[in-house]
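Data first, discussion second: the structure below is written as structure tokens.
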Amino acid sequence: MELYLKITYLNDFIYCPLSIYYHQLYGDLTERLYYNDAQLDGKAAHEAIDNQHYSTHKNILQGIDVYSDEYKLCGKIDIFDAEKGLLTERKKHIETIYDGYLFQLYAQCLCLREMGYTVNEIRFYSSDDNKVYKVDLPENNPEMFGKFKKTNEAMQHFDVDTYEPASEEKCKHCIYNEFCDRPLSSKSYNGGF
């Protein structure tokens, strides 16, 4: 049986590969223990999509499962207009388009294509300020597409036992700081132990 990793792990992996481990360890049932308010707000913003109440148009696919055999990734898309070939990833608030955000959108695009859909355009939508951020398709940005492939490869072959954190700043602000067995910061974002 092949192992497929979640598309959302790409962003987590870039921030700290251990966060994937801790998320799996604590699971969805105890979100309130480690999710901060911004993360809970973001999750609430996706409810219309997750419940497929965003649109009733038959050409709008929302919250569907996608996968890629080539990249060994699976997950859900937010909104895909199959008629226009327009894939939209919704975020509660966007100040910066981080590599992890972009890689998640690339993964969704690649999954849809592998499943037989035509994706012509990809973009982010920031619901707080109603802004749209168009981004290049993976093949139109070879540098970032190469980084995506490299990151996915590293994530697919990650060894939790040999990983050592490299950023004290990331550790300080990590939602798993208090649970981590190897933080670089002795005090967590929430005030310490």
Side-chain angles (χ1 to χ4, degrees), residues 1-15 17 19-20 23-24 28 39 41-158:
M1 181 174 167
E2 302 254 7
L3 176 65
Y4 288 74
L5 297 178
K6 290 183 178 181
I7 290 170
T8 57
Y9 290 174
L10 288 161
N11 192 46
D12 296 339
F13 185 81
I14 290 171
Y15 186 79
S19 67
I20 298 168
H23 183 71
Q24 294 306 306
D28 293 333
Q39 288 168 311
D41 287 346
K43 189 169 175 105
H46 271 94
E47 277 187 33
I49 293 165
D50 293 340
N51 297 327
Q52 297 186 350
H53 295 147
Y54 175 80
S55 174
T56 57
H57 291 282
K58 64 180 179 181
N59 63 309
I60 303 294
L61 305 179
Q62 49 195 333
I64 66 165
D65 292 318
V66 295
Y67 68 94
S68 168
D69 284 330
E70 181 177 354
Y71 294 101
K72 305 297 180 235
L73 293 168
C74 64
K76 291 187 177 284
I77 61 156
D78 280 354
I79 302 163
F80 179 62
D81 184 327
E83 191 174 271
K84 295 178 182 175
L86 174 61
L87 174 63
T88 303
E89 170 71 12
R90 294 172 54 93
K91 299 282 185 195
K92 173 98 171 96
H93 184 79
I94 297 174
E95 288 183 28
T96 303
I97 296 177
Y98 296 101
D99 288 358
Y101 290 1
L102 187 60
F103 294 169
Q104 287 176 301
L105 192 55
Y106 279 4
Q108 293 171 20
C109 171
L110 296 165
C111 287
L112 281 168
R113 286 177 172 172
E114 196 170 320
M115 293 170 62
Y117 292 98
T118 300
V119 181
N120 299 317
E121 188 178 351
I122 58 176
R123 67 183 187 177
F124 291 100
Y125 172 74
S126 176
S127 62
D128 274 353
D129 51 12
N130 198 31
K131 288 187 178 177
V132 172
Y133 300 87
K134 293 182 181 182
V135 294
D136 288 333
L137 292 165
E139 64 272 14
N140 294 337
N141 190 338
E143 179 183 350
M144 288 308 291
F145 192 27
K147 285 182 181 180
F148 161 81
K149 290 177 183 178
K150 184 177 178 182
T151 300
N152 185 52
E153 185 71 20
M155 184 176 73
Q156 296 287 341
H157 296 98
F158 177 69

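All heavy atoms count here, side chains included; hydrogens, waters and symmetry mates do not. It should be emphasised that the depicted structure is a prediction, and the values quoted were computed from it without experimental measurement. All residue numbers in this chain count up from 1 along the given sequence.
- Distance check, rounded to the nearest 0.5 Å: CZ of F148 to CG of L105 gives 10.5 Å.
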Query raised in the report: Can you check side-chain contact (heavy atoms from CB on, under 4.5 Å) on Y67 and D69, steps first, answer last?
Result: CA-CA 7 Å; Y67 68 94; D69 284 330; 4.2 Å; yes
Query raised in the report: Checking side-chain contact (heavy atoms from CB on, under 4.5 Å) for the pair F124/T88: CA distance, chi angles, key distance, verdict?
Result: CA-CA 6 Å; F124 291 100; T88 303; over 6 Å; no
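- Y106 places a side-chain heavy atom less than 4.5 Å from the side chain of N141.
- A search for side chain to side chain contact (heavy atoms under 4.5 Å, CB included) contacts involving E139 returns R113, L137, not counting sequence neighbours.
- Formation of a donor-acceptor pair under 3.5 Å by the S68 side chain with backbone atoms of C111 is not found in this model.
- One finds no salt bridge joining R90 and D78 here, because no Lys/Arg side-chain nitrogen approaches an Asp/Glu carboxylate oxygen to under 4.0 Å.
- Smallest separation of non-hydrogen atoms from S126 and D129: OG-OD1, 2.7 Å.
- Side chains of L5 and K72 form no contact here, defined as non-hydrogen atoms less than 4.5 Å apart.
- Note that CG of L10 and CG of L73 are 5.5 Å apart. Values are rounded to the nearest 0.5 Å.
- Between F158 and F13, the ring planes are perpendicular. Angles over 60° get that label, and only those under 30° would be called parallel.
- Residues I97 and V135 have side chains in contact (heavy-atom distance under 4.5 Å, counting atoms from C-beta outward).
- With rounding to the nearest 0.5 angstrom, the CD1 atom of I122 is 9.0 Å from the CD atom of Q108.
- Between the OG atom in S127 and the NZ atom in K92 there is a gap of 5.0 Å [rounded to 0.5 Å].
- In this structure the side chain of L86 never reaches within 4.5 angstrom of the side chain of N120, judged on heavy atoms.
- Geometrically, K131 does not engage Y125 in a cation-pi contact defined by less than 6.0 Å to the ring centre and at most 45° from the axis.
- Contact annotation: the side chain of I14 never approaches that of Y98 to less than 4.5 Å [non-hydrogen atoms, C-beta and beyond].
- The backbone N or O of Q104 sits nowhere less than 3.5 Å from a side-chain atom of E89 that would complete a donor-acceptor pair.
- The shortest non-hydrogen separation linking V119 to C109 is CG1-SG, 3.7 Å.
- Taking the six-membered ring where the residue is Trp, Y71 and F145 present tilted rings, their angle falling between 30° and 60°.
- Rounded to the nearest 0.5 angstrom, N152 CG and E70 CD are separated by 9.5 Å.
- Considering only residues two or more places apart in sequence or on other chains, Y9 meets the ring pair (Phe, Tyr, Trp, His ring centres under 6.0 Å) condition with none of them.
- Separation of atoms NZ (K76) and NZ (K6) is listed at 10.0 Å; rounding is to 0.5 Å.
- Look at E121 and R123 and you find no salt bridge, because none of the NZ, NE, NH1 or NH2 atoms lies under 4.0 Å from a carboxylate O.
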Query raised in the report: Would L61 and I79 count as a side-chain contact (heavy atoms from CB on, under 4.5 Å) if you check the C-alpha gap in whole Å, the side-chain angles of each, and the deciding distance to 0.1 Å?
Result: CA-CA 6 Å; L61 305 179; I79 302 163; over 6 Å; no
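- When side chains are defined from C-beta on, Q62 does not count as touching I64, because their heavy atoms never get closer than 4.5 Å.
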